[in-house]
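Since the structure comes first, as structure tokens, the remarks are kept for the end.
One is the number of the first residue; the rest follow in order along the sequence. Note that the structure is a prediction, hence the values are computed from the model and not measured.
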Amino acid sequence: MSDRRSAQWYGGDDRNSYIHRAWMRRGLPADAFDGERAHIAIANTASDLTPCNAHLNEVARSVADGIHRAGGIALNLPVVSLGETQVKPTAMLWRNMAAMAIEEMLRANPIDGVVLLGGCDKTIPALLMAAASVDLPAVVVPGGPMLTGTFRGVPLGCGTDVWKLSEEVRAGTLSAAEFQRSESSMIRSRGHCNTMGTASTMGLLAEVLGMTLPGIAGTPAPDSRLLEAAHATGVLAVDLVDQERRPSAVMTRASFHNAIVALAALGGSTNAVVHLLAIAGRLGVELTQDDFDRIGAGVPLLVDLQPAGRFLMDDLYRAGGLHAVLAEVQDLLDPSAITVIGEPLVSALGTAQVYDREVIRARQDPLQMEAGIAVLYGNLAPDGALVKPAAATPALLQHRGPAVVFDSVEDLHARLDDPELPVTADSVLVLRGCGPKGYPGMPEVSNMPLPAKLLAEGVRDMVRICDGRMSGTAYGTVVLHVAPEAAAGGPLAKVRTGDMIVLDLENRRLDVDVPAEEWAAREPSAEAAKAYAAPTRGWEKLYVDTVNQANTGADLDFLLGSSGDQVARESH
Ligand code: FES
């Protein structure tokens, strides 16, 4: 019998093999079962309710053509899909569910390898977490960003400009009708958000991790070169199976090192921290939140993309793309990391060129000298909190101000614009109850809107602190992913309006300036606890009962580590 995994289903002459073969004969030729041809699943997150991924069925056809051309059998496998803008209360609540479901389906089915099609924020992380756990030969096709739309003659960055335009409406400088008119301009084409948000970041990092055909990441979704690369990925998938090159051989500690360097140089999303930690956790790769600060802190910001800068993903691709950026920081990359083609990542960078120095800056002329994500510790964040200096107001990164505390997002919305709210530009907005357990799902609410009365005064940024996440398309002096979260007994639950908060980026500190004895004796807010989630059934209950904190990737505690591709028992 062939030693292909699929042959364990199809290769025998017993009743079970008969059943496995017979039901698959609809459309598959007899030689599909001779053990010679690799059976490749196309794990496809296409869905009408995930508009950023809706074009992936077309991409899947190109992948399938490539698989067939290389002699493999292509099998479409629709998997759980998450539309970031559509699902409530937050797509992050189901990242782990998607990863778990995909993992189980990859293991349960008669396949030898898998091509992973994702795009919208959580889809590539979930696919990579699943592939890491099952460890079948796997390769990603990132769905690609949408083209740049314009409004009033200027480009609109999806996500980022929603926040900006909605603040303009609140400040009275943009009419509601004009705001609405911008909607159809923002989403110009198929593809995911075109800022350096989470989808763009994770698509690019999938390549830096070695998990894509080199050169594919960042190709705009409508660009015909995406389909060409999808076809080539199908061919590659068959070779991957033949070579038995598995995610654990590709995504090594060296790959994660490179991903952290790239994350900083690109000015990527803070969400990448929880996603990379979660993927590493599935592989058993030692990676901590501190690695992001340690490896990324000295990396310069080279890419002038929104939300930190001006341009959009289409511009990055035109300017030379990911390889041109990586070539600028090649000396910081670990040359031992390989990609799915079996060669070092750095060997693909020799021909990279920058065609627009406005978009991709030279190493000696960066947008910022130190661009990484900083990890803060202190009596407000014993297990750490993140801040992205590239998206913040530099003057606010050393700041001392009185807290204005909100117990929930609903509390924030109810009181933020109250003229009596005791808030000034120096205040620190604190929002709790938004961590993995508290909300549940750790929503992207940390970039709280500013109080209307301050907006009217021209204030455009304040220090904000939250145990939730922030959209990768958002910006501002936002301290987020505070761990442990308030609902898990974190000290954020004890802060009161009026307490002095000290943010000290230089020393990587986040503290509340309350006498130690008083702080130790203070009880968590009972009022805040009323807002924490207390689900009694279904996924939400499993999630709240078992989710880890943000500083280790917010995966479920029982999903850490590899599970492998073996299934011990038969189905009949
Ligand atoms: Fe899908 Fe932004 S909503 S990537």
- Message: Please determine whether a side-chain nitrogen of the Lys or Arg among Arg61 and Glu58 lies less than 4.0 Å from a carboxylate oxygen of the Asp or Glu.
- Response: no
- Query: Do Asn44 side-chain atoms and Pro78 backbone N/O form a donor-acceptor pair below 3.5 Å?
  - Reply: no
- Indicate whether the side chain of Thr50 and that of Ser81 have a donor and an acceptor atom separated by less than 3.5 Å. yes
- Message: Less than 4.0 angstrom from a charged side-chain N to a carboxylate O is my criterion; do Arg188 and Asp314 meet it?
- Response: no
- Task: Could you tell me whether a side-chain N or O of Asp293 sits under 3.5 Å from a main-chain N or O of Val375, the two making a donor and an acceptor?
- Result: yes
- Query: Going by an N to O cut-off under 4.0 Å, is there a salt bridge joining Glu328 and Arg361?
  - Reply: no
- Query: Among side-chain atoms of Thr45 and Asn53, is any donor-acceptor pair under 3.5 angstrom?
  - Reply: yes
- Query: Taking only residues at least two apart or on different chains, which pairs with a member in residues 247-261 satisfy salt bridge (charged side-chain N to carboxylate O under 4.0 Å, His left out)?
  - Reply: Arg253-Asp291
- Query: So with a 6.0 Å cut-off around CD of Glu244, is the heavy-atom count from everything else above 12?
  - Reply: no
- Message: Is it true that Thr252 and Ser255 share a donor-acceptor pair across their side chains at a distance under 3.5 Å?
- Response: yes
- Task: State whether a side-chain donor-acceptor pair under 3.5 Å links Glu84 with His192.
- Result: no
- Message: Under 3.5 Å, is there a donor on one side chain and an acceptor on the other for Asp334 and Ser336?
- Response: yes
- Item | Enclosure of Asp48 CG (heavy-atom neighbours >12, cutoff 6.0 Å) | no
